[in-house]
Amino acid sequence: MTTTKRLVLSSDHAAIDLRQAIAAHAKAKGWEIEDIGPQTPESTHYPKHGEAAAQKVAAGDADLGIILCGTGQGIMMAANKVKGIRCGVCADPFSARMIREHNDANILSIGARVVGESLAMEIVDAFLDAEFEGGRHGTRVDMIKAIEA
Ligand code: RB5
């Protein structure tokens with residue numbers, strides 16, 4: 001029996017359309033989606049949206065997260081301030097797969113002003129379809145956790 005995996009998404013105003021497209025794409029792949037917005041295009045502040053998604057993942061309310069802003073950088077920085085979060089910005093599918101397999105990243109950040117929609121979907125697929133490999137990579141992730149502690 002497989003359990004449906006839960007994915008939380010958030011963004012700032014720069015990435016609403018891409019975020020919603022990714023939510024639909026991930027839902028079609030079988031993920032349970034929690035899209036925490038925002039839903040309207042008024043200018044907003046990426047730190048609060050990064051933190052909100054990160055808190056969901058850190059609390060165990062979501063298995064993974066995908067967050068977006070214009071570059072993916074600012075919202076990633078905010079998310080990584082939440083204990084237990086390992087978030088990387090990716091603009092290519094290889095990196096998106098590797099941050100799951102080697103770094104046990106639990107949030108992917110994408111820059112909506114950096115990558116187009118087709119490439120973004122390939123990045124999302126690479127992230128969502130990969131699994132953490134553990135082993136020597138687990139030792140290194142434990143070292144990251146020790147820094148945080
Ligand atoms: C908003 O203009 C922009 O600064 C934001 O989306 C993001 O790129 C910040 O890192």
Side-chain angles (χ1 to χ4, degrees), residues 5-133 137 140-149:
K5 289 192 173 178
R6 300 157 302 162
L7 178 69
V8 63
L9 296 103
S10 73
S11 75
D12 72 358
H13 55 279
I16 291 175
D17 290 348
L18 183 56
R19 191 197 74 234
Q20 292 174 339
I22 289 171
H25 180 80
K27 186 175 181 185
K29 286 170 70 73
W31 285 74
E32 183 181 313
I33 303 301
E34 185 176 10
D35 184 346
I36 58 173
Q39 304 301 339
T40 56
E42 292 82 32
S43 183
T44 183
H45 304 301
Y46 59 80
K48 66 181 180 183
H49 301 293
E51 183 192 2
Q55 294 289 7
K56 294 268 185 188
V57 174
D61 296 334
D63 298 298
L64 293 176
I66 297 179
I67 58 178
L68 306 96
C69 63
T71 60
Q73 300 290 351
I75 200 164
M76 172 274 290
M77 293 176 194
N80 274 323
K81 296 299 180 189
V82 175
K83 189 171 184 186
I85 295 305
R86 289 174 301 284
C87 175
V89 181
C90 293
D92 67 274
F94 175 74
S95 297
R97 177 165 65 84
M98 294 304 284
I99 65 169
R100 284 290 300 128
E101 291 184 353
H102 285 195
N103 313 120
D104 199 16
N106 44 20
I107 300 185
L108 166 68
S109 183
I110 296 176
R113 294 173 178 161
V114 179
V115 300
E117 185 171 318
S118 296
L119 178 55
M121 296 313 168
E122 290 187 32
I123 292 166
V124 167
D125 285 343
F127 180 73
L128 295 183
D129 295 346
E131 295 286 346
F132 180 50
E133 289 180 354
H137 305 298
R140 295 160 186 166
V141 172
D142 285 346
M143 292 171 73
I144 296 174
K145 292 176 180 173
I147 296 167
E148 188 174 58

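Every number for a ligand or one of its atoms is a count from 1 in the order of the listing. If you're wondering where the values come from, they're calculated on a predicted model, not measured in any experiment. Numbers here simply count residues along the sequence, with the first being 1.
When all heavy atoms of Y46 and C69 are compared, the pair lying nearest together is CB-CB, 4.3 Å. A pairwise comparison of heavy atoms in K145 and R86 identifies CE-NH1, 3.6 Å as the closest pair. Residues I110 and A120 approach most closely at CD1-O, 4.3 Å, considering heavy atoms.
Ranking protein heavy atoms by distance to atom 7 (C) of ligand 1, first place goes to C69 SG, 3.3 Å. At the shortest separation from atom 8 (O) of ligand 1 among protein heavy atoms lies T71 N, 3.0 Å. For atom 4 (O) of ligand 1, the nearest protein heavy atom (residue, atom name, distance) is Y46 CE2, 4.4 Å. Given atom 5 (C) of ligand 1, the protein heavy atom at minimum distance is D12 OD2, 3.2 Å.
With hydrogens and angles ignored, the 3.5 Å screen pairs a side-chain donor or acceptor of N106 with a backbone N or O of G84.
Within the 4.5 Å cutoff, no side-chain heavy atoms of D125 are placed close to those of P93. Residues M77 and S109 are not in side-chain contact: their nearest non-hydrogen atoms beyond the backbone lie 4.5 Å or more apart.
Here's the thing with Q73: none of its N/O atoms is less than 3.5 angstrom from an N/O atom of ligand 1.
Distances from ligand 1 to the non-hydrogen atoms of M77 include no value under 4.0 Å.
With S11, G74, A14 as candidates, the residue nearest to atom 10 (O) of ligand 1 on a non-hydrogen basis is G74.
The R113 neighbourhood of ligand 1 comprises atoms 1 (C), 2 (O), 3 (C), with distances under 4.0 Å to a heavy atom of that residue. Listed by atom number, the atoms of ligand 1 under 4.0 Å from G70 heavy atoms are 5 (C), 6 (O), 7 (C), 8 (O).
Within 6.0 Å of atom NZ in K81, 12 or fewer heavy atoms from other residues, nucleotides or ligands are found, so the atom counts as exposed in its surroundings.
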